[in-house]
There are 2 protein chains.
Amino acid sequence: MDMFNDTDSIWAEKFRVHGYRLTKPRKAVLMVLNKTSKHLSAEDIYLAIHRSYKDIGFATIYRTLDLLVRMNLVNRFEFGDGKSRYELIYERKEVPTHHHHLICRKCGKVIDYSDFIEEETKLIDKIECELSKKYDFEIDRHIIQFYGLCDECKGEE
Amino acid sequence: MDMFNDTDSIWAEKFRVHGYRLTKPRKAVLMVLNKTSKHLSAEDIYLAIHRSYKDIGFATIYRTLDLLVRMNLVNRFEFGDGKSRYELIYERKEVPTHHHHLICRKCGKVIDYSDFIEEETKLIDKIECELSKKYDFEIDRHIIQFYGLCDECKGEE
DNA sequence: CTTGCTGCAAAGTGTTTGCATACAT
DNA sequence: ATGTATGCAAACACTTTGCAGCAAG
């Protein structure tokens with residue numbers, strides 16, 4: 001059962017370079033993240049894998065996610081509900097890769113947006129460049145999040 | 001012992017308007033947050049208060065912080081180490097209020113910066129305005145965080 | 001007075017760790 | 001072969017909750 005094809009060689013290669021092993025659970029985590037554009041929690045991922053792979057354990061999910069984050073294949077987000085969320089960085093999906101988040105502080109709903117990314121990128125690039133010089137900091141990612149009330153929660157305040 | 005003066009009437013007023021009581025523990029939390037420009041965790045705040053107020057309890061700290069966040073007096077941040085951090089929004093301090101964060105993904109160090117805030121504000125305002133229309137979302141705050149490696153951790157990678 | 005707030009302790013929740021076993025290379 | 005990765009269960013760390021007593025308005 002080879003769930004991986006041509007595109008996966010990117011991942012396979014990354015693993016080889018780092019000296020890590022591309023195991024069944026790790027493939028499964030990548031598959032799940034690759035199949036969705038949602039912000040999955042460790043539990044979401046566990047449940048998705050568990051359907052077809054009963055032996056998967058939570059510890060492996062967490063260890064794999066940490067690894068993927070360290071390898072810069074996955075982004076970790078905190079939306080304020082106590083659990084971390086994960087998103088693939090290099091994706092094969094047809095949705096825009098770079099986006100940011102609108103988070104409802106009442107119901108926790110998260111909306112992805114990728115409007116204004118171009119203008120934003122220009123400014124962020126400049127800021128990134130200057131900040132890394134000023135603070136001698138090697139920046140490799142950024143997050144922008146807007147907090148507020150979504151359409152449904154707005155009225156009830 | 002009245003730890004509060006003229007400026008505190010702003011807080012007192014806010015509490016009165018909402019119908020909340022300005023109690024000793026709540027004053028203490030505000031005092032601690034007001035005295036520093038650091039990003040304090042619930043435990044930091046507990047310890048600071050505990051020095052002079054032995055009866056303070058963790059539950060109260062957490063409940064107070066939740067309240068202050070809901071009242072928009074305090075911002076809650078997650079820097080990825082599992083604990084929430086808190087910062088006063090309306091401060092009397094001499095440091096710039098609006099700032100963002102550089103977070104070292106290795107040692108967890110957090111650097112505040114307030115460079116480029118003007119240009120940034122212009123763009124963010126515009127984005128905020130358009131997004132709130134497009135997604136029917138009432139935005140009341142945003143966070144921008146850069147992740148990477150600080151000067152000390154850069155070499156070791 | 002009255003109702004909201006507090007402190008305590010216990011319970012929850014998400015995440016991490018130790019260790020023997022299994023497996024990728 | 002050999003050293004890494006896994007699964008399990010127990011341990012952790014942070015946060016939340018229930019409740020009887022306390023205190024702010």
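Worth knowing before you read on, the calculation uses all heavy atoms, side chains too, and leaves out hydrogens, waters and symmetry mates. Chain A is the first sequence line, chain B the second, and so forth, proteins listed ahead of strands; every chain is numbered from 1.
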In whole angstrom, give the distance that lies between atom [atom1] of [X] and atom [atom2] of [N].
X	N	atom1	atom2	value
A:Arg16	D:dT4	CZ	P	18 Å
B:Glu43	D:dA13	CD	P	10 Å
B:Arg26	D:dC22	CZ	C1'	14 Å
B:Ile49	C:dC5	CD1	P	17 Å
B:Ile61	C:dC8	CD1	P	12 Å
A:Phe15	D:dT4	CZ	C1'	13 Å
B:Ile56	D:dC22	CD1	C1'	14 Å
A:Met71	D:dA5	CE	P	11 Å

Problem - Which residues share a ring-ring contact (aromatic ring centres under 6.0 Å, His included) with A:Phe116, sequence neighbours left out - result: none
Practice task
Only counting residues at least two apart or in another chain, list the ones meeting ring-ring contact (aromatic ring centres under 6.0 Å, His included) with A:Tyr135.
Solution key: none
Any side-chain donor-acceptor pair under 3.5 Å between [X] and [Y]?
X	Y	answer
B:Arg141	A:Tyr147	no
B:Glu43	B:His50	no
A:Glu78	A:Ser84	yes
A:Glu13	A:His18	no

Practice task
Using only side-chain N and O atoms of B:Tyr62, determine if any of them is under 4.0 Å from OP1 or OP2 of D:dT15.
Solution key: yes
Fill in the blank from the handout: Each nucleotide of nucleotides 17-25 of chain C classed B (base within 4.0 Å of a protein heavy atom), S (only sugar-phosphate) or -, in 5' to 3' order, makes BB-----BS
Exercise for the section: Indicate, with yes or no, if the rings of B:His100 and B:His142 have centres closer together than 6.0 Å. Expected result: yes
Practice task
With heavy atoms under 4.0 Å as the rule, sort B:Tyr46 into base, sugar-phosphate or nothing.
Solution key: nothing
Fill in the blank from the handout: From the candidates D:dT15, D:dT16, C:dG14, the one with an atom nearest any side-chain atom of B:Ser84 is D:dT15
Practice task
Ignoring the backbone of A:Asp55, work out which of C:dT6, D:dT15, D:dG7 is nearest its side chain.
Solution key: D:dG7
Exercise for the section: Let me know, please, whether A:Glu78 or B:Thr64 comes out on the 5' side of the other along DNA chain C by nearest nucleotide. Expected result: B:Thr64
